[in-house]
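Please read the structure below before turning to the comments.
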Amino acid sequence: MFGRPPTAAAATTTTRLVYCWGAKLIKNSYAHPIGRTQFVRLKSAVSAVASELRRSPPYCFPGLVASDEDKDIICAHKNSGNGVGNALGQSDTCKVVEILNSLREEPCHALSFFDQLKEQGFVHNVSTYMAIIRILCYWGMDMRLDSILLGVIKSNDKHLGFKVSDLFEALIEWIEAKGPESLIRAFDALVKAYVSIGNFDEAIDTLFQTKRREKNDTAVAVFRQFKRLGLSPNDYSYCIVIKALCRKGSLEEAADIFQEMEEAGLTPNAFTYSTYIEGLCSQARSDLGYEVLKAWRDQNIPIDVFTYLVVIRGFVNESKLKEAECVLLDMDEHGVVPDAYCYGSLIRGYCKIGHILKALALHNEMAAKCIKTNCVIVGVILQCLCQMGMADEAVDQFNNFKELGIFLDEVAYNIVVNALCKLGKLEAAVRLLDEMKGKKMSLDIVHYTTLIGGYCLQGKLVDAVKLFEEKGNLV
DNA sequence: ATAGGGTTAG
């Protein structure tokens with residue numbers, strides 16, 4: 001038995017939050033179910049295309065060239081006897097794009113040219129791939145498109161001159177510019193390629209990880225498109241879509257995904273539940289997230305440390321520290337032992353409002369419960385001390401932690417280097433950085449920036465400039 | 001096969 005999540009608006013009481021899957025409507029109206037047989041058929045169709053292409057005879061250039069300049073390149077290729085790859089160097093990708101564009105009226109030739117280059121060792125980049133994809137889309141050569149994208153995805157970034165996600169970016173930009181007409185074909189190919197290697201989520205996931213917020217819409221659109229094409233997502237994919245919907249604020253739609261999953265015969269797992277609750281909490285609805293957690297918990301739905309963590313973190317981010325602490329106690333009472341992440345979130349919350357004593361008390365509580373601290377939590381505490389004007393105390397604590405054998409990483413070191421700089425103890429700061437070097441820890445641009453700032457603060461501009469030059473092009 | 005903190009400048 002599983003609980004249906006509440007809709008964001010309707011959730012007023014716990015009882016209203018809880019539904020039984022058993023009480024659902026008949027589920028025969030679903031538009032695009034796909035059986036395992038169809039799935040396998042699709043899979044073999046894709047690999048058939050792939051092998052057909054592999055078997056196709058080597059291409060030669062029978063004077064189908066669009067311009068004189070192109071002819072020259074082809075001649076160079078013929079005369080060299082070394083293949084196109086040698087005639088066209090890696091720096092000639094612009095040229096390749098030009099040639100492909102000039103062959104757009106003869107898609108088969110364009111494709112052969114593209115394949116031939118590849119066979120000869122030419123490494124295509126995003127532009128050349130986009131050029132051939134545009135042509136194949138325009139001519140509706142779906143099978144060829146499938147195999148091109150399959151090749152890209154199978155290579156898994158190896159032997160490619162770019163990341164697969166870069167191509168996705170370009171593809172999406174193009175689709176956004178050109179509208180849904182082209183979307184169908186390009187994504188059709190994308191979907192099939194991923195499904196054929198059993199990596200369905202990767203498509204959505206890659207898209208989802210792209211930076212901009214509005215891309216969440218794209219992730220969801222792609223998901224819908226996948227389903228429209230008759231492909232069945234698995235629990236991983238559903239998880240990603242729930243996350244995407246929550247992030248764009250569509251909490252109700254996200255809740256509906258649970259029903260879709262049921263209709264597809266899939267059982268949500270701890271990841272799915274946590275994802276939805278995290279979604280609610282990330283939309284500043286941690287109160288709701290907590291209610292859902294409790295409702296689900298009452299139904300013996302799998303709730304783990306991570307589920308509690310997302311609620312604790314949600315409350316902390318909403319500056320509701322009392323609530324966050326209640327959740328910590330609550331989980332303990334329900335036999336789920338809080339881990340360092342749970343305590344860490346709470347400690348971060350108290351540090352943020354300058355309650356360093358409370359933070360330290362929690363830190364001690366961890367130790368009493370044998371929950372190991374780590375350099376991130378220590379970093380939060382040290383930084384808090386610094387911000388409260390207790391830089392010297394931070395330095396002392398840092399040394400204490402070090403003596404206790406707690407591993408301190410580059411970030412923790414930088415916090416203390418910064419503290420020393422603020423205290424005007426430049427020699428000590430430099431010594432600490434030397435200590436890092438001795439431990440084979442790597443200094444990055446932040447360390448240099450910190451120390452340069454320290455010198456500037458002392459008016460030692462010569463030292464600052466020297467350091468600035470020493471740091472070179474660190475990024 | 002999926003999840004989770006902290007650092008410098010402006």
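Heavy atoms only: backbone and side chains are in, while hydrogens, waters and symmetry mates are out. All figures in this text were calculated on a predicted structure; none of them were measured in a lab. Chain identifiers are assigned alphabetically (A, B, ...) following the order of the sequence lines, protein sequences preceding nucleic acid strands; residue numbering begins at 1 within each chain.
- Ring to ring, A/Tyr236 and A/Phe271 are not that close: their centroids are 6.0 angstrom or more apart.
- Listed by chain and number, the residues in a ring-ring contact (aromatic ring centres under 6.0 Å, His included) with A/Tyr341 amount to none (sequence neighbours excluded).
- B/dA3 has no base stacking with the ring of A/Phe271 when judged by centroids under 5.5 angstrom apart and an interplanar angle below 30°.
- Results of the side-chain contact (heavy atoms from CB on, under 4.5 Å) test with A/Cys281 over A/Val311, A/Ile312, A/Val316 single out A/Val311 as the only residue that passes.
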Inset, instruction - Could you encode protein contacts along nucleotides 4-10 of chain B as a string, one character per nucleotide from 5' to 3', using B for base contact, S for sugar-phosphate-only contact and - for no contact, with a heavy-atom cut-off of under 4.0 Å? - result: BBBBBS-
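- Between the P atom of B/dA1 and the CG atom of A/Asn269 lies a distance of 15 Å, rounded to the nearest Å.
- Under the side-chain hydrogen bond (donor to acceptor under 3.5 Å, both in side chains) criterion, A/Glu318 pairs with A/Ser286, A/Lys320, not counting sequence neighbours.
- Listed by chain and number, the residues in a side-chain contact (heavy atoms from CB on, under 4.5 Å) with A/Val465 are A/Glu469 (sequence neighbours excluded).
- Applying the side-chain hydrogen bond (donor to acceptor under 3.5 Å, both in side chains) rule to A/Ser282 yields no partners; only residues at least two apart in sequence or on another chain are considered.
- Side-chain atoms of A/Asp339 come within 3.5 Å of backbone atoms of A/Cys342 as a donor-acceptor pair (strictly under, hydrogens ignored).
- Look at B/dG4: its glycosidic torsion is beyond 90° from 0, and that puts it in the anti range.
- Contacts between residues 317-337 of chain A and DNA chain B, defined by a heavy-atom separation under 4.0 Å, are absent.
- Residues A/Tyr343 and A/Lys369 bring a donor and an acceptor atom of their side chains to less than 3.5 Å of each other.
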